[in-house]
Amino acid sequence: MKPARFTYHDPAAIADALTLLAENEDSRLLAGGQSLMPMMNFRFVQPAHLIDLNPVQELSFIHVDAKALSFGAMTRQRQIQNDPDVRQACPIILEALSHVGHRQTRARGTIGGSISHFDPSAELCNMAALHDAEVILARKGSQRTLTFDRFGIGYLTTAIEPDELLREVRLKRWPERHGYAFEEFAMRHGDFAICAVSCLLTLSRHGTVDDVAIAVSGVAPTPQRLKAFEISARGQAPGHDLYREAATQAAAIEATSDAYTTADYRRHLARILTYRAMQTAVARFNSQAK
Amino acid sequence: MSTSSFGASPKRKEDRDLLMGRGRFVDDIVLPGMYAAAFVRSPLAHARIKSIDASAALARPGVHAVLTYQDLPATLRERRMPLFVPHPTLTPRMQYALVKEEACYVGEAVAVVVADDRYIAEDALPLVEIEYESLPAVSDCKLGASPASPRAHLDLESNVVSRMISSVGDIVAAFRDVKHVFREEIFQHRGGAFFMECRGAIASYDAAEGSLLLYVSSQGPHRIKRGLLDLYDLSDTQLRVVTPDVGGGFGPKGSLYAEYPVVAACSMKLGRPVKWIEDRRENFVATHQERDQYWDMEIAVDDEARIRGLRGTLTHDNGAYTPWGIVLPWISVATVPGPYVLPAYHVELRSVLTNKVMATPVRGAGRPEGVVVMERLMDRIAREFNLDAAEVRRRNFIQPSQMPYNVGVIFRDGRPVVYDSGDYPACQDAALKAIGYADFRQRQAEARRQSRYIGIGIGNAVEGTGLGPYEGAAVKVATNGRITVSTGATPQGQSHKTTLAQIAADQFGVSIDAIQVETGDTAKISQGIGTFAARTAVNAGSSVHVASVKVAEKAKAIAAKLLDVRAEDLELRDGYVQLAALPEGAGVASDNARQIRKSLAELAVVAAGMPGFAMQDGAEPGLESIAYFTATQSTYANGTAAAEVEVDIETGRVTILRLVLAHDCGRLINPMVVDGQVMGGVAHAIGNALYERMIYDDQAQPLSTNFGEYLLPLAPDVPRIEIIHLETPSPLNPLGIKGAGESGTIPTIAPIIAAVEDALSPFGVKISEAPITPQRIVELLGDAALGRTR
Amino acid sequence: MTDTRSIVVVVNGKRYERAVDTRQTLADFLRLDLGLTGTHLGCEHGVCGACTVRLDGAAVRSCLMLAVQAHEKTVQTVEGLAGNDELSPLQQAFHDKHALQCGFCTSGILMTMTEFLEENPSPTEAEVRAALSGNICRCTGYQNIVEAVLATAVALRDKRNAAL
């Protein structure tokens, strides 16, 4: 299990990387390597050119402001886990990251690598969907910004063109006080999730739902938001009926099946975990100081 | 210094090198001028090869050879791989080292590429152009047993290559005479060994001497040598097989694989050493595994819940060839009776060829499956009679007073299963006491009030260990006084360098650091079998003891003559033979002491003889002895595993809360090492019960081919394991020991399954399969799994 | 056709300058070019953890990195754990607690857990098990590894306290 031959490039700047991308057909970008390297070792992927983004310092940053959390694509998962601003602004990301692989893979794995690989069960893709992320894609001479629902196209497939590079991911920031929950079912610690459900919410002074977002991943080829529920839930009082309504909508997602997991089980987990996520998010909101 | 190492827990001699990264595994060995090999493997489970064109691969710079069947030495084209364990009921089916024309499983080696390094060899693999004609494949053994099934090999009359009946007592009468008959159909799947170090071999052929040196990661180089002698017409001294450090074996490294003679052929052809290291992708398709068994069993029980008879069939997935004959299913059948009185027993085993890699022993070797069958039936009886599960077992135990106990079943060594010793009721009691069985129902009721579902399960097993024929040991004191023990036993983590040193150390009155233990080298001892089936401590351990005693006696005899004292007044201590009465600390300075003791070095020099002088009294030269201890039969260890689990009924997740194993492996050489073996074995059983599945599609294409798909238990999945030792010495060997290497695995799948079923008993869930996954649990629960979301 | 680069890397305190094939993994570079065979390859797809080494201090999978990516970085392997032939506290605890059997996975576990204990000097058992989840051991059932890590944490804490 040794990688096939390629020509290696180690650009120092984004502009250099984009030039290399534009000039070399059949090239792949190497981020943390925690998904691409196994595929290369298996020779499932045999690019002619490998463009290593690890030397590109300007792709590695975390910036938190009032509106958004911005991450350079090469920011490592471990860096995000250890960042005090992220912890303060968006604690759910830390919970999600605790399920991403293992400490050795988080030391190398990057947010951009994970999001552009776009595994249906990837926790960071779930986070991007949950936070109405914007994704900045660059190509030589131009760049564009996509909302996450337009970025993700299908199973392991995104809108990134062959000459484009994912530059930055921006997660919409929620109010300081918000309830959150990340519920995941995987066979073992660190495994790909069979299903993961995340929830963010705020309640009004009257205790009814102000705003809620729920993202379900692992069930369909792309992460799914429960949009209809999110709209209908506004103004409703939290409790069993509301949680069950969310759960029922989650269970209606068109699910995939494979040799290990049936669509039925995926839908079942979506139901169960959605209920739990709602319950936990509400409890956490209520336990927070006003 | 302690005078007895046996029974103590000295720290391991093996550790230091391994901890510092100085171990020597086969892939760590670099020979001058060595090339690397990689195999082209069949991508189809059943196919005819229509053509092979290696020219593009050969043209690749850095590629030195491509060998197909046609390029093999004549003997490898004429002879198939050797069958080590034939049986009269078996229609054997063995493969050629490389596929001749019909490939019969995904992963079967079709060609080999030899190149400067592994990277280049892998570059060339897709350049070997092979045209395959796809043939219908047999994937499921139950379907394969049907006459309508396609055949796993085109020329087979039937895929059922063995039917064997095991029968004890009057089974017809047993079923005629009782009112209670219960039937269980049980499916079991056991996965592979998945040792962390994949297989590997280096062949180095010396054309001048016509000799071949093979390094191989194995469980016993002697049997590999035997197989290679069959395949190559080399003389005994022209072939040496060496097994260095081994990164886990668990059964499958005990086989002779086709890659080994092929790598040898490459070295012979190129005149260079050739290394092949199996990668993990190959390991998933080319290393032997265990797999599927379908059991259909009926049990006859009297009004007191005592078993009168048990009958049924076992359909066993053997894979594509029969290197181990019917060993696996036979052991399963022989293990079913376990610690229970079973007056009548009748099982027909059907071993079925499928188009999958071969099923051969994996830690437990068919025994865990046999235990699951019997223990599921025990739980069924308990349920039907509304009796406590432990009580049903108590009513059926063989009592210690009945030892030795003839079960009546013929074991694979051709002898009836005769339990030599053990106290089964006491073993179960010990496990149940430790796990708090007495108040479990109360705890369970309390948990249910909080909507928590906990359950408890019991598994009892009796395990034939110390399988024959023998394992030898050569014990030698060199003329400089250094003591060496050489054995054919081949550790893969079992700590033999420590435990065998302990046994020898006791006879020489030295610390274990003074004993050098040599393993895994056909040049160091003539005969050997290898390490599997929990046999090494019993066989090799006994041989080390016997040989050490002989050497010590010889040393005493020589010293007695030199010192003019009686041999029986002498003892061995710290490298000297001395008067037993010599007080401690008499000191080397004392002339007196020097007079009345002789160093082992001096004695070895005397024993070696002096040029020109006759040996004294015609004594055999050398302070050395070889012993090949031969047990008259297997010695039977036993154990009870008890598990407490919690099941999340909404997700199906199983959490093991407690796991207790009480077991009896006779006298313990090194309790620390035995505990380590048991804990590792239990973890393996947890994998088998809850995680490990090799999935194939209906054309026998393996779908589980990496560690993301095949799930081994990780640290959070294995609970603390509580171990209780009972020590009933075996009467069958001088040390009173029994095997322990599989004792954690064998009884432990059953209680986990039983505990899950017990936890779910409010919902009437019945489980008759292993492994059991969360998804399956949710399916079995039906609407109950909706839980709070209803 | 072969794409090679010259790299400079400090491994276990020693500086090496080597020309490497750019497709060569860091693991193979350590094993084949530097002869540091204590780093083992168990799966080459980043699951088993046997190949774990420390790169600028971080425990990483050396099968999922290219040697060329270690250019101008420092690497520590299992061979670099013991100083002057004296086992590190964690190595010693592995010996004392029988935390290894075949020893093949051990190097990667030592590297991972050494880093982990630096980051979390007073871990709970659950934290140790979670941190261990990226390393597969088929021999031990993990229990004695967990014991050894916990014992090392205590020993290091005592040592620090004594130094204060």
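Letters go in sequence order (proteins before strands), and every chain restarts at 1.
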Novice: What part of B/N670 gets closer than 4.5 Å to chain C, counting heavy atoms only: side chain, backbone, both or neither?
Specialist: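 B/N670 has no heavy atom closer than 4.5 Å to chain C.
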Novice: Out of C/K97, C/Q24, C/E44, which one racks up the most heavy-atom pairs below 4.5 Å with chain B?
Specialist: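 Most pairs with chain B among the choices: C/Q24.
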Novice: Less than 4.5 Å to any heavy atom of chain C: does that hold for the side chain of B/D28, its backbone, both, or neither?
Specialist: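 Both backbone and side chain.
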Novice: What part of B/R363 gets closer than 4.5 Å to chain C, counting heavy atoms only: side chain, backbone, both or neither?
Specialist: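 For B/R363, the side chain is the part near chain C, not the backbone.
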Novice: Report which part of B/R22 has an atom under 4.5 Å of a heavy atom belonging to chain C: side chain, backbone, both, or neither.
Specialist: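 Just its side chain gets close to chain C.
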Novice: Go through C/Q101 and B/Q677 one step at a time and tell me if the side chain to side chain donor-acceptor pair (under 3.5 Å) criterion holds.
Specialist: CA-CA 9 Å; C/Q101 290 182 26; B/Q677 291 295 304; 3.2 Å; yes
Novice: CZ/B/F707 to SG/C/C48 distance, rounded to the nearest 0.5 angstrom?
Specialist: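 The distance works out to 6.5 Å.
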Novice: Any idea which of C/G46, C/A82, C/S133 has the most non-hydrogen atom pairs under 4.5 angstrom with chain B?
Specialist: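 Most heavy-atom pairs under 4.5 Å with chain B: C/S133.
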Novice: Roughly how far, to the nearest 0.5 Å, is CG of C/N144 from CG of B/D675?
Specialist: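 If I round to the nearest 0.5 Å, the distance is 8.0 Å.
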Novice: Main chain of B/A715, side chain of C/R129: is a donor-acceptor contact present, judged purely on distance under 3.5 Å?
Specialist: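 Checked: pair present.
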Novice: With only heavy atoms counted, which part of B/P713 is less than 4.5 Å from chain C, the side chain, the backbone, both or neither?
Specialist: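 Contact with chain C: backbone and side chain both.
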Novice: Please look at B/E14 and chain C and tell me whether the side chain, the backbone, both or neither of the residue comes under 4.5 angstrom of a heavy atom of that chain.
Specialist: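 Neither part.
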Novice: Closer than 4.0 angstrom, basic N to acidic O: yes or no for B/E197 and C/R138?
Specialist: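 Result for this pair is no, no salt bridge flagged.
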Novice: Select one option (side chain, backbone, both, neither) describing which atoms of B/V246 are under 4.5 Å from chain C's heavy atoms.
Specialist: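 The backbone, not the side chain.
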Novice: Does B/R12 use its side chain to pair, donor to acceptor, with the backbone of C/H95 at less than 3.5 Å?
Specialist: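 Not confirmed, B/R12 side chain does not pair with C/H95 backbone.
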Novice: Report yes if some heavy atom in the side chain of B/R16 is under 4.5 Å from a heavy atom in the side chain of C/L87; otherwise report no.
Specialist: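 With C-beta onward as the side chain, the pair touches.
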Novice: Hey, are the side chains of C/C139 and B/F250 touching, using non-hydrogen atoms and a 4.5 Å cut-off?
Specialist: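 Side chain of C/C139 against side chain of B/F250, heavy atoms only: contact under 4.5 Å found.
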Novice: Would you indicate whether the side-chain heavy atoms of C/L132 and B/L714 approach each other to under 4.5 Å?
Specialist: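 The answer is no, as the side chains (C-beta and beyond) never meet within the 4.5 Å cut-off.
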Novice: Any luck finding a side-chain donor-acceptor pair between C/D28 and B/Y119 under 3.5 Å?
Specialist: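 B/Y119 and C/D28 do have a side-chain donor-acceptor pair below 3.5 Å.
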